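Encoded as structure tokens, the structure appears first; notes follow it.
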Amino acid sequence: MEELLEQLLEECRPYTSLGKTADYIPELAKKDPDAFGIYVIGSEGKHSWAGDCRQSFTLQSMVKPILLLQALLDNGAEKVQSKVGVEATGKPFDAINAGEHTLDSRHINPMVNMGAIVMCTLIHGGSYKERFQRLLDLTGQLVGDPEVKIDQAVYLSEKNHGSKNRALAYLLKSYGILEDDVEEVLDCYFQACSIQVDCRGLAHMGAVLANRGKLPDSDQRVFPAPLARYVNAVLMTCGMYDGSGEFAIRVGIPAKSGVSGGIMAVVPTRMGIGIYSPALDRKGNSVAGIRLLEKLSERLYLSIF
Ligand code: GLN
């Protein structure tokens, strides 16, 4: 397996020069566009890796499945769906997906920014500090690192350049979909996006989702099995935003990207995969990362279709 990962990584390396690091969050623009790594954890707990797989980066949108899990654990599917639906938007992750009278839960997907901002309000806790701490605890279990923490520089950079997310949040507030203090909710969202991980952490999270809620190397359960089906299905239909349809054809597994250049992928019952390559395409997905997943999927017959 390791030999295969090394070989595919080298085959895909030229694609890193075809993308660009995210620059609307200035701290992310400073990242090394040549960094490239992959980590795989099999359901039975076998680890394999290649390249810069222990380099750290922030979760960005890859925190969205964690927010969704926390929202589902705290409220159940019915309550979550009354606020955030499950239909793909087919639009960019930061799109204002609303006409004058159409902003309701059916148009808000948990894998794009609007949905993620609303999900922060669904986490239980006496204060936003407590809510974020609960999210961080769940993240620690999912990525297999109880010491997980946020990258302060990226967090402040997001907070200071977050006009688009502010616009989305105030729009939600004006429609009564978000009731809490906008700045408090956004602070929770920016912190959530700034949680630090590496490819190993992403692979671990993918493996838990692949194992339907159980840790890869034990019988310990992080969340009930039906939630994995819910989250994996939403990842499949909208995890790569407006690139999800093409990704389903080319790769064919549930996955979530983030503008840091990470991709967390789930091969149900088989493995979790974490990839890092910060050069992005125009939709905000890692160019070389998608290529690498495509090749791996071909070689190991990973597509679920
Ligand atoms: N923090 C980023 C934002 O809000 C997350 C988006 C992403 O990773 N696609 O814009």
Side-chain angles (χ1 to χ4, degrees), residues 19-31 33 56-68 84 88-97 108-121 132 135-136 139 143 150-172 178 182-199 201-202 205 234-235 237-244 247 255-265 274-287 289-290:
K20 235 169 112 296
T21 52
D23 54 8
Y24 75 102
I25 300 171
E27 235 1 83
L28 294 184
K30 296 183 190 166
K31 303 293 172 193
S56 63
F57 50 90
T58 49
L59 276 173
Q60 297 301 330
S61 270
M62 293 171 288
V63 79
K64 286 169 177 149
I66 309 177
L67 279 167
L68 178 57
V84 180
T89 62
K91 296 210 166 56
F93 63 81
D94 59 352
I96 293 177
N97 191 25
I108 303 176
N109 183 283
M111 295 303 130
V112 296
N113 291 15
M114 262 194 169
I117 292 167
V118 177
M119 286 191 297
C120 291
T121 72
F132 179 71
L135 181 75
L136 199 59
T139 305
V143 304
I150 67 170
D151 178 326
Q152 279 294 333
V154 173
Y155 158 62
L156 292 174
S157 189
E158 288 217 40
K159 198 175 161 78
N160 294 331
H161 296 86
S163 306
K164 188 75 185 278
N165 285 318
R166 282 195 177 79
L168 295 173
Y170 277 104
L171 187 71
L172 290 163
L178 184 156
V182 168
E183 285 304 325
E184 256 193 320
V185 178
L186 283 171
D187 198 59
C188 178
Y189 172 70
F190 293 139
Q191 287 190 71
C193 291
S194 306
I195 298 172
Q196 253 179 344
V197 284
D198 59 14
C199 293
L202 293 183
M205 174 173 160
V234 174
L235 288 176
T237 53
C238 205
M240 309 296 282
Y241 328 111
D242 47 339
S244 299
F247 185 84
K256 185 77 207 79
S257 59
V259 286
S260 50
I263 304 180
M264 185 280 303
I275 291 182
Y276 179 54
S277 169
L280 309 177
D281 63 19
R282 285 208 304 231
K283 294 178 176 175
N285 295 323
S286 169
V287 184
I290 291 184

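Every number for a ligand or one of its atoms is a count from 1 in the order of the listing. Remember, predicted model here, so these are calculated numbers, not experimental data. We're numbering straight along the sequence, starting at 1. Side chains are part of it too, since the values below use all heavy atoms of this structure and drop only hydrogens, waters and symmetry mates.
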Atom 1 (N) of ligand 1 - nearest protein heavy atom and its distance: Gln60 OE1, 2.6 Å
Residue of the set Lys283, Arg166, Lys164 for which salt bridge (charged side-chain N to carboxylate O under 4.0 Å, His left out) holds with Asp94: Lys164
For Phe247, ring-ring contact (aromatic ring centres under 6.0 Å, His included) partners two or more places apart: none
Contact check: Ser257 vs ligand 1, nitrogen or oxygen atoms, below 3.5 angstrom: no
Derivation and outcome, side-chain contact (heavy atoms from CB on, under 4.5 Å), residues Tyr189 and Asn113: CA-CA 9 Å; Tyr189 172 70; Asn113 291 15; 3.3 Å; yes
Where ligand 1 meets Phe93 - atom numbers and elements under 4.0 angstrom, heavy-atom basis: 6 (C), 9 (N), 10 (O)
Approximate separation, where rounding is to 0.5 Å, of Tyr276 OH and Ser260 OG: 6.5 Å
Rounded distance [0.5 Å steps], SG in Cys193 versus CG in Asp151: 12.0 Å
Which of the ligand 1 atoms, numbered from 1, are nearer than 4.0 Å to a heavy atom of Asn113: 3 (C), 4 (O), 6 (C), 10 (O)
Worked verdict on Tyr155 versus Ile195 for side-chain contact (heavy atoms from CB on, under 4.5 Å): CA-CA 8 Å; Tyr155 158 62; Ile195 298 172; over 6 Å; no
Minimum-distance protein heavy atom relative to atom 10 (O) of ligand 1: Tyr24 OH, 2.5 Å
Contacting atoms of ligand 1, where contact means under 4.0 angstrom from a heavy atom of Glu158: 1 (N), 2 (C)
Taking atom 9 (N) of ligand 1 as the reference point, the nearest protein heavy atom with its distance: Tyr241 OH, 2.7 Å
Set of salt bridge (Lys or Arg N to Asp or Glu O under 4.0 Å) partners for Glu184, sequence neighbours left out: none
Contact atoms of ligand 1, heavy-atom distance to Cys193 under 4.0 Å: 1 (N)
Numbered atoms of ligand 1 (with element) below 4.0 Å of Tyr189, judged on heavy atoms: 1 (N), 2 (C), 3 (C), 4 (O), 5 (C)
Nearest-contact summary for atom 6 (C) of ligand 1 - protein heavy atom, Å: Ser61 OG, 3.3 Å
Under 3.5 Å: donor-acceptor pair, side chain of Tyr241, backbone of Asn285: no
Asn165 near ligand 1 by a heavy-atom separation under 4.0 Å: yes
Atoms of ligand 1, numbered as shown, that sit under 4.0 Å from any heavy atom of Gly258: 8 (O)
